[in-house]
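All heavy atoms count here, side chains included; hydrogens, waters and symmetry mates do not.
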Amino acid sequence: MNPLLDTSGLPRFDAIGPEHIAPAIDQILVANRALIEGLLDDSKANHWDRFVTPLEDANERLSRAWGPVSHLHSVLDSPALREAYNSCLPAVTEYWADLGQDERLYARYKAIDAATKASGSVLSSERRRVLDNELRDFRLGGAELAATPKARFKAIQEKLAALATRFEENLLDATNAWSKRVQREDLPGVPEDSLAMFEDAARADGQTGYKLTLRAPSYLPVMQFCANRALRAEMYRAHVTRASEFGPAERDNTPLITQILALRHEAAQLLGYPDYTALSLATKMADNASQIEAFMLNLAARAKPYAERDLADLRAFAAQQLGLSELASWDIGWASEKLREARYAFSEAEVKPYFPEPRVLAGLFSVIKALYGLSVVEDSAPIWHDSVRFFALQDATGQRIGQFYLDLYARESKRGGAWMDDAVTRRRLESGIQTPVAYLNCNFAPPAGGKPALFTHDEVITLFHECGHGLHHLLTRCEEIGVSGINGVEWDAVELPSQFMENFCWEWPVLQGMTAHVETGAPLPRELFDKMLAAKNFQSGLQMLRQIEFSLFDLRLHQATEPHVQGVLDQVRQEVAVLFPPDFNRFPNGFSHIFAGGYAAGYYSYKWAEVLSADAYALFEETRGIDGKLNPDTGHHFWNEVLAVGGSRDALDSFRAFRGREPDIDALLRHSGLSA
């Protein structure tokens, strides 16, 4: 049997091959289209259970088949898989576009809505939310358009899906295309664990020496620790010109960006919106672009004095202590690390040995236990790579709440960054509750030199962040798939649970339990933690402005009719930035969040959700026990009012229910060291 057609359980990653993709997807699409026609021909299919439920069942079957294919395309790419994925992508995109535009389906949903209201019967709050979202999404999918613009809108959706995929593939291929073999003397200052990884990489190629790549576990240690300025400059240029005109034309994302922006603008205007930003905000918390601009510029005004001071301090230190009269972009990370060492008497390299993977995972799982009373236990499932692990989340009675895959390490076949995705979504079936399953993906350095993988503190924070997304998906109590987990949650609130989890990486009781030196087994010394805490907001002004720069660039880019991409970015930098990269920097060509992900005209979500998450965490600070331990009652309150409700109500209402008031920016400024 084709393993992709077996959608009743966990994906059969041990059996799925590229040859299975087209037959399975084609079969499901044919069956789904036939079912839809049957529902539309059935005059009795005029209520939820007879119409909505079977349609959701069919669509979930497609998602449960296509989801593993899409996942493998992201984490275990190969020429054969890529070809099979791209051959099916147009048909899958066309199917969803057809559903969103089908005026007959739209009419049936409107009829169910009208009949419910006329009869006085009350839908559950979850079903009411699903129905309202469906009616909105039909309008946004082009169902109300006339025939000619409807056909054009559909063609745009299909083209955009293909362009986004090509953008991500170009970036992956450009990243993998560069490597450099060096000797140990070329890497002064690089920590031993990174050297071991570079040496292992060269050995895997049958070479001696040390192999460098542009993947994060290789690139970042060089930029942060390596005293070889020429090597830093070479790697920086290679990294910031990926997928640009400085490489092969077939991997240049520049023309793709132009096409993506033009098509998004045209799609928005077809739907009656002035620009794509306005269309994007139709499904978000923010009311309009002006509101977001005001929020971001207010943050920038507060952060800029701190950023200017950060940069002045760094330049003075670099000139006086490092002999750098001019601070280039490839010097920032290295000089900053040296300044951190001088100011706070510790280095990130000194901290890293205290975070071996087994201890970090045990610490993460203990936080979940403390917050929600849930246990994380090793489980088994077919996996796509031998480094992937699988876990179950259980309550105090041993009842399974959900499961998740954990794929921690970078590899050539895996796209960059860190992300969570859903494998199975919680919903009620005739047979009972379907428990949710998540994918948690990172790009950390694998074990090297016979030792377990070691994480930087920033990587620990990244792991907690993605786990926060995972818990949002796994701890839902919703039973309707359209609002279960992160489904139906406004995009500018979806980062709340993830950024909320980051805060616990700064709790001393948490770090005590999740650290053990890889050589001695000793926990992180309190003295070293105090130095980390003192340095927590090191250059926070610069970091804040960087995120504001990205957010405003994204927002304004999607408001312009025919934007000059670099011109928009330059203008934003003139307004808010204090650091300016060299002219050859092609940051937009690698900005996959907005050109290949779901953050187009929504990157500001990270900062807005940070306001919500900092304010939510402040309640944990206020209710902490005398011994400093987390209050489980507050944890369950967060679960009940934020995580459990998923997208079944407005995210702002969920925040108010948890916090008892409107969001306040003060906690974010305090946590970032940007308040008086």
S.K.: Within the 3.5 Å criterion, strictly below it, is a donor on Y604 or Q547 matched to an acceptor on the partner's side chain?
M.R.: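 No, because no side-chain N or O of Y604 sits under 3.5 Å from a partner of the opposite role on Q547.
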S.K.: Does Q434 reach the main-chain N or O of T425 with its side chain, forming a donor-acceptor pair under 3.5 Å?
M.R.: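 Yes; at least one donor-acceptor contact below 3.5 Å.
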S.K.: Is any side-chain N of the basic residue among D57 and R61 closer than 4.0 Å to the acidic one's carboxylate O?
M.R.: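 No.
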S.K.: When rounded to the nearest 0.5 angstrom, what is the spacing between CG in N170 and CG in N253?
M.R.: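 Reported value, rounded in 0.5 Å steps: 4.5 Å.
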S.K.: Looking at D98 and K150, does any basic side-chain N land under 4.0 Å from a carboxylate oxygen?
M.R.: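 No.
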S.K.: Relative to each other, are the rings of F391 and F404 parallel, tilted or perpendicular (30° and 60° limits)?
M.R.: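 Rings of F391 and F404: parallel, under 30°.
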S.K.: Please check: side-chain N/O of N487 versus main-chain N/O of G482, any donor-acceptor pairing under 3.5 Å?
M.R.: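 The answer is no, because no donor-acceptor pair under 3.5 Å joins these two groups.
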S.K.: Can you tell whether the side chains of K414 and D77 come within less than 4.0 Å, N to carboxylate O?
M.R.: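 Answer for the salt bridge query: no.
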S.K.: Specify the closest pair of heavy atoms between N589 and F167, including all atoms of both residues, with the distance to one decimal.
M.R.: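 Of all heavy-atom pairs spanning N589 and F167, the closest is O-CZ, 3.2 Å.
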S.K.: What's the verdict on salt bridge (Lys or Arg N to Asp or Glu O under 4.0 Å) for D422 and R64, showing C-alpha distance, side-chain angles and the deciding distance?
M.R.: CA-CA 10 Å; D422 60 301; R64 294 276 291 273; over 6 Å; no
S.K.: Do the side chain of K117 and the main chain of D113 share a donor and acceptor less than 3.5 angstrom apart?
M.R.: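 The answer is no, because no donor-acceptor pair under 3.5 Å joins these two groups.
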S.K.: Applying side chain to side chain contact (heavy atoms under 4.5 Å, CB included), can you list everything that pairs with A282, at least two apart in sequence or on another chain?
M.R.: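 By the side chain to side chain contact (heavy atoms under 4.5 Å, CB included) rule, A282 matches L140, Y273.
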S.K.: Strictly distance-based, threshold 3.5 Å: is any side-chain N or O of S70 a donor or acceptor partner for the main-chain N or O of W66?
M.R.: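 Absent.
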S.K.: Which heavy atom in Q499 sits nearest to a heavy atom in A609, and how many Å separate them?
M.R.: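 Result for this residue pair: OE1-C, 3.1 Å.
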S.K.: Is it true that the side chains of E495 and H469 contain a donor and an acceptor less than 3.5 Å apart?
M.R.: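 Distance-only check passes for E495 and H469.
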S.K.: Mind checking whether F591 and F550 have ring centres under 6.0 Å apart?
M.R.: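 Yes, they do, as the ring centres are separated by less than 6.0 Å.
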S.K.: Check R427 with E480, please: is the shortest side-chain N to carboxylate O separation under 4.0 Å?
M.R.: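 R427 and E480: not salt-bridged.
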S.K.: Who are the ring-ring contact (aromatic ring centres under 6.0 Å, His included) partners of H473, not counting sequence neighbours?
M.R.: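 None.
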S.K.: Looking at E103 and A143, would you say the former's side chain and the latter's main chain have a donor-acceptor pair under 3.5 Å?
M.R.: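 No, E103 side chain to A143 backbone: no donor-acceptor pair under 3.5 Å.
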S.K.: Assess whether atom CD of E562 is packed by more than 12 heavy atoms of other residues, nucleotides or ligands within 6.0 Å.
M.R.: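 12 or below, so no.
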S.K.: Donor-acceptor pair, distance only, cut-off 3.5 Å: does the side chain of D421 make one with the backbone of Y439?
M.R.: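 Not confirmed, D421 side chain does not pair with Y439 backbone.
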S.K.: Under 4.0 Å between a side-chain nitrogen and a carboxylate oxygen: does that hold for R104 and E37?
M.R.: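 Yes, charged N to carboxylate O under 4.0 Å.
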S.K.: What distance do D379 atom CG and Y405 atom OH have between them, rounded to the nearest 0.5 Å?
M.R.: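 D379 atom CG to Y405 atom OH measures 9.5 Å (nearest 0.5 Å).
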S.K.: Could you tell me whether R400 and D395 make a salt bridge, using a distance below 4.0 angstrom between a side-chain N and a carboxylate O?
M.R.: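 No salt bridge links R400 with D395.
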S.K.: Do side-chain atoms of H265 reach the backbone of A262 as a donor and acceptor pair under 3.5 angstrom?
M.R.: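 Such a contact is absent between H265 side chain and A262 backbone.
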S.K.: Is any side-chain N of the basic residue among D132 and R128 closer than 4.0 Å to the acidic one's carboxylate O?
M.R.: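 Looking at R128 together with D132, the answer is yes, because their closest N to O distance falls below 4.0 Å.
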S.K.: List the atom of R426, the atom of C478, and the distance in Å for their closest heavy-atom pair.
M.R.: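 Scanning both residues completely, I find the closest heavy atoms to be NH1-O, 3.1 Å.
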S.K.: For L89, does its backbone N or O pair with a side-chain atom of T93 as donor and acceptor, under 3.5 Å?
M.R.: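 Yes; at least one donor-acceptor contact below 3.5 Å.
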S.K.: Do the side chains of E126 and R129 get close enough for a salt bridge, i.e. N-O under 4.0 angstrom?
M.R.: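 No, this pair does not count.
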S.K.: Look up atom OH in Y599 and atom CG in D554, then write down how far apart they are to the nearest 0.5 Å.
M.R.: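 Output value for this atom pair is 11.5 Å.
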S.K.: Apply side chain to side chain contact (heavy atoms under 4.5 Å, CB included) to the pair R12 and L4, showing each step before the final yes or no.
M.R.: CA-CA 8 Å; R12 293 169 53 191; L4 288 172; over 6 Å; no
S.K.: Walk me through whether D615 and R661 qualify under salt bridge (Lys or Arg N to Asp or Glu O under 4.0 Å).
M.R.: CA-CA 10 Å; D615 201 6; R661 56 165 173 75; 2.7 Å; yes
S.K.: State which residues pass side-chain hydrogen bond (donor to acceptor under 3.5 Å, both in side chains) with W384; sequence neighbours excluded, sorted by chain then number.
M.R.: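 In terms of side-chain hydrogen bond (donor to acceptor under 3.5 Å, both in side chains), with neighbours along the sequence ignored, W384 is linked to D407.
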S.K.: Just do the side chain to side chain contact (heavy atoms under 4.5 Å, CB included) check on L99 and N59 with the steps written out, would you?
M.R.: CA-CA 10 Å; L99 255 63; N59 287 338; 3.5 Å; yes
S.K.: Ion pair present between D653 and R656, side-chain N to carboxylate O less than 4.0 angstrom?
M.R.: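 Yes.
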S.K.: What are the two closest heavy atoms between G141 and Q101, and how far apart are they?
M.R.: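 So the minimum-distance heavy-atom pair works out to O-CG, 3.0 Å.
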S.K.: Between K44 and D42, is there a side-chain N and carboxylate O pair less than 4.0 Å apart?
M.R.: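 Salt bridge absent between K44 and D42.
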S.K.: Could you state the interatomic distance from CG (L76) to CZ (F13), rounded to the nearest 0.5 Å?
M.R.: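 If I round to the nearest 0.5 Å, the distance is 10.0 Å.
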S.K.: Mark yes or no: R108 above the aromatic ring of F51, with NZ or CZ under 6.0 Å from the six-membered ring centre and no more than 45 degrees from the axis.
M.R.: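 Judged by the rule (NZ or CZ under 6.0 Å from the ring centre, within 45° of its axis), R108 counts as positioned above F51.
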S.K.: Anything under 30° is parallel, anything over 60° is perpendicular, the rest tilted; go ahead and classify H593 against Y603.
M.R.: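 Because their plane-to-plane angle is over 60°, the rings of H593 and Y603 count as perpendicular.
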S.K.: Take F553 and Q571 through the test side chain to side chain contact (heavy atoms under 4.5 Å, CB included) and record every step on the way to the result.
M.R.: CA-CA 9 Å; F553 166 63; Q571 178 60 41; over 6 Å; no
S.K.: Going from CG on L557 to CG on L261, what distance comes out if it is rounded to the nearest 0.5 angstrom?
M.R.: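 Reported value, rounded in 0.5 Å steps: 4.5 Å.
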S.K.: Going by distance alone, is a donor N or O of one side chain under 3.5 Å from an acceptor N or O of the other, for R82 and H73?
M.R.: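 The criterion, which ignores hydrogens and geometry beyond distance, is not satisfied for H73 and R82.
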S.K.: Might you work through the side-chain hydrogen bond (donor to acceptor under 3.5 Å, both in side chains) test for Y276 and Q559, ending with a clear yes or no?
M.R.: CA-CA 6 Å; Y276 188 80; Q559 288 178 280; over 6 Å; no
S.K.: Could you tell me whether a side-chain N or O of S613 sits under 3.5 Å from a main-chain N or O of L496, the two making a donor and an acceptor?
M.R.: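 No; judged by distance alone, with no hydrogens or angles, the pair does not exist.
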S.K.: Measure across V483 and S648 and return the closest heavy-atom pair with its distance rounded to 0.1 Å.
M.R.: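 Shortest heavy-atom separation between V483 and S648 comes out as CB-N, 3.8 Å.
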S.K.: For R166 and N86, test the side chains for any donor-to-acceptor distance below 3.5 angstrom and give the result as yes or no.
M.R.: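 No, no side-chain donor-acceptor contact under 3.5 Å.
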S.K.: Determine whether E266 and R152 satisfy the following criterion, salt bridge (Lys or Arg N to Asp or Glu O under 4.0 Å), listing intermediate values before the conclusion.
M.R.: CA-CA 9 Å; E266 184 183 354; R152 177 58 184 159; 2.7 Å; yes
S.K.: Between E293 and R556, is the closest basic N to carboxylate O distance under 4.0 Å?
M.R.: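 Salt bridge between R556 and E293, a charged N being under 4.0 Å from a carboxylate O: yes.
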S.K.: Is a donor from one side chain sitting under 3.5 angstrom from an acceptor on the other, for S654 and R649?
M.R.: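 Side-chain D/A pair, S654 to R649: present.
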S.K.: Donor-acceptor check, side chain of W639 to backbone of L475, threshold 3.5 angstrom: yes or no?
M.R.: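 Pair found, side chain donor or acceptor close to backbone of L475.
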S.K.: Would you check, one step at a time, whether the test side chain to side chain contact (heavy atoms under 4.5 Å, CB included) holds for W48 with T53?
M.R.: CA-CA 6 Å; W48 193 282; T53 298; 3.5 Å; yes
S.K.: Closest approach of R33 and Y95, non-hydrogen atoms and distance?
M.R.: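 Closest approach of R33 to Y95: NH2-CA, 3.4 Å.
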S.K.: What distance do W96 atom CH2 and S63 atom OG have between them, rounded to the nearest 0.5 Å?
M.R.: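 Interatomic distance, W96 CH2 to S63 OG, rounded to 0.5 Å: 4.5 Å.
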